[in-house]
Amino acid sequence: MSEEKKSLNFLEQIIEEDLAADLQRDKLRFRFPPEPNGYLHIGHAASICLNFGLGITYNAPVNLRFDDTNPAKEEQEYVDAIKKDIQWLGFQWANELYSSDYFEQLYLWAVQLIKQGKAYVDDQSSEAIARQKGTPTEAGVNSPYRHRSVEENLALFEQMKNGDFEEGSHILRAKIDMTSPNMHMRDPIMYRVLNKSHHRTGNTWSIYPMYDWTHGESDYIEQISHSICTLEFKSHRQLYDWYLDQVCSKKDLRPKQREFARRNLSYTVMSKRKLLQLVEEGYVNGWDDPRMPTISGLRRRGYTPESIRKFSEVAGISKRDNVTDVALLEFCIKDDLNKTAPRVMAVLNPIKVIITNYPEGKEEFIDASYNDYSEGFGSRQVPFSRELFIEREDFREEANKKFFRLKLNGEVRLKNAYIIKATHVVKDDKGEVLEIHCTYDKDSLSGSGTEESQRKVKGTLHWVSKPHAVKVEVRLYDRLFIDEAPDSHKEKDFKEFINPNSLKFNNNVYVEPSLTSAQIGDRFQFQRLGYFNVDDDSRPEHLVFNQTVPLRDSWAKIDQKSENKQADDSTINEILALAGKYLKSREDNERLPLIATVFELSRKVEINSLLSLIQSGNSNKEYLAYLMILNSQKLVVDFSNTKYFEPIDKFIGHALQMNNSYVRFQAVDFVGKNLNFKGNHIELLKEMSTEDKNTHIIERLKQF
RNA sequence: UGGCCCAUGGUGUAAUGGUAACACUCCGGUUUUUGGUGCCGUCGUUCAAGGUUCGAGUCCUUGUGGGCCAACCA
């Protein structure tokens, strides 16, 4: 019975307050106002899901309004792409509208303002106007044309409209206040002369209205109750309201602008200008390149509309600057596809297996479910024969018992098929394995119900029958940038952080024959590998798959660790627990013995074990533990060796900026003991030496 | 010599004066014919200092830090 009360974001709260005050529910109306000068991206999805979501929860209309007041940048191509993306996301607008629909009304209102002495034509150059405008800290001065007569203004504006003037020679300005602390109130431009053809109005106009003059009035015309935009428009609100004051009648609804923070995603850029740069300069193959954070790129990559809507929902809405971890987006698509994608088998890096006791020329068709754990997926027939492909990574001649896969004299289950045992290998002259010879247990067929089929074998491999296999192309993607926030570095161009390995082609992939009927856009889980979809470039004779996102691979982590490292694990876990206690304890007399124990234990830890950990740690506890281990190693390890220096240096850089003062102290202490780490963080350390909140840190910094 | 906005875990968001919560990430454990999924668990000085209050993440003041504002762009 108890219904979970979902908390409202601050915009929903504003709406609820308005409803509680005097706004009638049926007056609620929203809009999504893209400028058709680029493609929609995942940041826009936040706004789309917000506005259209509001429309759904309040059963209110949502208009799609193209903000097309600048004919120089806007194109029909973008209009079409934007409409397609919104529909694909699953939303339907009440009306498709254009700011340019209101050019006539806007013009009439402008004339009215001139007549009221609230707008004037300025003949100065843009440079002169900019100079008079002042700066955020200095007031502007009035234009010499500010006090023209109404008649003269009317005549000039008429000439502007008739196309009698050159571009840039005249503008219409609102007469507000050149000394306002808000730059937007310093006689803002309402109209400029632009002798350009517009994608909708053609050559009817040679004057075009500016954003501020257009947006609020368009909201008013459409009777939008809540005009939601991003935070950089906050300072425009005063002007938005001023313009509204000029035309709003008491009996009509007066729109309200409210702002929220735009959504940023780690390891990518989100501004249209930068995305356009990536497209135009060939860093990616178009707006819908699967590496792009555009809606069209994500769609081509294999993302579902549901996953993007879910992402927008869980990422939330607020007014704080943010960089959302791309892992959250990846979680959303994996979560969706895990429930919806059929499982099939594909081998990305094939090696041949010959089952020596399987009759030559024999083939059988095994009924394999598309999803073992969920109803309704159905099944298909998968061919099995004497020669198969498995992944090269799934075989080792020798391996320890943590390796659950195929090794010589070891047994493994072939998914949906038989248990096989590797007997020997055939190699080329370079010693590379060409064939793995195996025997199979003919009574062990999956699902046959025999005692042999129920045997527990530790590993299960995916496979493809060699004579039946279909060769396809697979495209593997990695993040486009190697830096978490590539455009946050003031001194550096964001393109310096482009990942050179963001796209890999693999033309030597074998898939099961059922996939020959796959259509463009179809999504699958390639068993044990990841989620893939059929790319737009795919043809029946040459199938192309995109890797949407890989499956979690916990083996990769285990495999990286040596035997030594695994022995270290328990020690490190112990230290981690102690570090947790340390953070929790309130008294120094609790902490001191903890430190002593940690240092004692730390000497047992090998530096190599630590290296892989420090690159993934992110909690205070982990940072503190790893720093204490590092601090105990001074005598044993040569930190100047670049193999150690680089990862540790990066780690220290992060640690110095952590909120927790114990973490910062340990990091500073480490630098103090190992001065070669000072170089890259010198600015930060200088700043800390005067400004850190913690006096112990400042004291420690004074020592070096 | 400015105006405005923001500050809660590694990340993103809740808590609407009354026990700081949820999700992701990370790290453990467990289940498993996907080393996937699922399930369980570990990890917090609410930026600082004052003030108001029986009680402050929340209200006030002052700092500090970050962001936005000087296109004939939106």
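A note on names: the letters A, B, ... follow the listed sequences, proteins ahead of strands, and every chain is numbered from 1.
Note on A/Asn37: nothing from the nucleic acid sits closer than 4.0 angstrom, heavy atoms only. In this structure, A/Gln124 reaches the bases: a heavy-atom distance under 4.0 Å links it to at least one base atom across the strands shown. Within the 4.0 angstrom heavy-atom criterion, only backbone atoms of the sugar-phosphate kind lie near A/Ile317; the bases stay farther away. A/Val323 comes within 4.0 angstrom of the backbone, heavy atoms only, and of no base. Residue contacts shown for A/Gly447 include a base, since a base heavy atom lies under 4.0 Å away. Residue contacts for A/Ser446: at a heavy-atom cut-off of 4.0 Å it reaches a base atom on one of the strands shown. Nucleic acid contact for A/Gln13: base, since at least one base atom lies under 4.0 Å from a heavy atom of the residue.
Taking 4.0 angstrom as the limit, A/Arg455 places none of its side-chain polar atoms (N or O) nearer than this to OP1 or OP2 of B/rU33. One finds a side-chain N or O of A/Asn660 lying less than 4.0 angstrom from the OP1 or OP2 phosphate oxygen of B/rU45. Look at A/Thr69 and you'll find a side-chain N or O under 4.0 angstrom from OP1 or OP2 of B/rA74. For B/rA74, the OP1/OP2 oxygens have no side-chain nitrogen or oxygen of A/Arg262 closer than 4.0 Å.
B/rC54 and B/rA48 are spaced 24 Å apart, taking the P atom of each and rounding to whole Å. Of the P atoms belonging to B/rU62 and B/rC6, the separation is 16 Å, rounded to the nearest Å. Between B/rU16 and B/rC27, the distance separating the two C1' atoms is 35 Å to the nearest Å. Of the P atoms belonging to B/rG50 and B/rU13, the separation is 30 Å, rounded to the nearest Å. Nucleotides B/rA21 and B/rA15 place their P atoms 14 Å apart, quoted to the nearest Å. Rounded to the nearest Å, the gap between the C1' atom of B/rU1 and that of B/rG55 is 42 Å. Using atom C1' as the reference point in both B/rA20 and B/rU8, the two lie 8 Å apart (nearest Å). Atom name C1', nucleotides B/rC43 and B/rG2: the rounded distance is 44 Å, in whole Å.
For A/Glu313 and B/rA14, the CD to C1' distance is 14 Å, given to the nearest whole Å. Rounded to whole Å, the distance from OH on A/Tyr211 to P on B/rA74 is 9 Å. One interatomic measurement links the two molecules: CD of A/Glu259 to P of B/rC6, which rounds to 10 Å at whole-angstrom precision. Per the geometry, CG belonging to A/Leu576 stands 12 Å off P belonging to B/rG29, to the nearest Å. Across the protein-nucleic acid pair, A/Lys557 atom NZ and B/rU25 atom P stand 10 Å apart, rounded to whole Å. Whole-Å rounding puts the A/Arg479 CZ to B/rU11 C1' distance at 13 Å. Computed from coordinates, the A/Leu265 CG to B/rU25 P distance equals 15 Å when rounded to whole Å. Note: CD (A/Gln257) to C1' (B/rC5) measures 13 Å, nearest angstrom.
Applying side-chain contact (heavy atoms from CB on, under 4.5 Å) to A/Pro188 and the options A/Ile176, A/Asn182, A/Asp212 leaves one that passes, A/Ile176. Of the candidates A/Lys421, A/Arg455, A/Arg413, A/Arg455 is the only one forming a salt bridge (charged side-chain N to carboxylate O under 4.0 Å, His left out) with A/Asp441.
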Let me see the working for A/Thr69 and A/Trp213 under side-chain contact (heavy atoms from CB on, under 4.5 Å), right down to the final yes or no. CA-CA 10 Å; A/Thr69 56; A/Trp213 171 236; over 6 Å; no
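Remark: RNA chain B takes part in the stems B:2-7 with B:64-69, B:10-13 with B:21-24, B:27-30 with B:38-41, B:47-51 with B:59-63, each of 3 or more antiparallel Watson-Crick or G-U pairs, criterion distances under 3.5 Å.
When each of B/rU45, B/rU25, B/rC73 is scored by its nearest atom to the side-chain atoms of A/Arg192, the top-ranked nucleotide is B/rC73. With B/rU13, B/rA15, B/rA74 as the choices, the nucleotide that has an atom nearest any side-chain atom of A/Asn70 turns out to be B/rA74.
Within a 6.0 Å radius of CZ in A/Arg258, other residues, nucleotides and ligands contribute more than 12 heavy atoms.
Between A/Trp555 and A/Phe403, the distance separating the two ring centers is shorter than 6.0 angstrom.
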How does each nucleotide of nucleotides 64-71 of chain B score, in 5' to 3' order, for protein heavy atoms under 4.0 Å: base (B), sugar-phosphate only (S), or none (-)? -SSSSSB-
In B/S/- notation, 5' to 3', how is nucleotides 35-43 of chain B contacted by protein heavy atoms closer than 4.0 Å? BBS----BB
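When the nearest nucleotides of RNA chain B are assigned to A/Leu328 and A/Asp67 by heavy-atom distance, the more 5′-ward of the two goes with A/Leu328.
The existence of a salt bridge linking A/Lys196 and A/Glu167 is confirmed by a sub-4.0 Å separation between a basic side-chain nitrogen and an acidic carboxylate oxygen. Contact check on A/Lys402 versus A/Asp559 returns no salt bridge, with no Lys/Arg side-chain nitrogen under 4.0 Å from an Asp/Glu carboxylate oxygen. Note on A/Lys458 versus A/Glu411: no salt bridge recorded, every NZ/NE/NH1/NH2 to OD/OE distance being 4.0 Å or above. Salt-bridge formation is not detected for the pair A/Arg263/A/Asp321: no Lys NZ or Arg NE/NH1/NH2 atom is positioned less than 4.0 Å from an Asp or Glu carboxylate oxygen. Using a 4.0 Å cut-off between charged nitrogen and carboxylate oxygen, A/Asp68 and A/Lys73 do not count as a salt-bridge pair. A salt bridge is defined here as a Lys NZ or Arg NE, NH1 or NH2 lying under 4.0 Å from an Asp or Glu carboxylate O, and A/Asp372 with A/Arg343 fails to meet this definition.
Syn is the glycosidic conformation of B/rA71, whose angle stays within 90° of 0.
A/Asp367 and A/Ser379 are linked by a side-chain donor-acceptor pair at a separation below 3.5 angstrom, with hydrogens and angles left out of the test.
Taking the ring centre of A/Tyr120 as origin, the terminal cationic atom of A/Arg173 falls outside the region bounded by 6.0 Å and 45° from the ring axis.
Aromatic ring orientation, A/Phe103 versus A/Trp205: perpendicular (interplanar angle above 60°, classes split at 30° and 60°).
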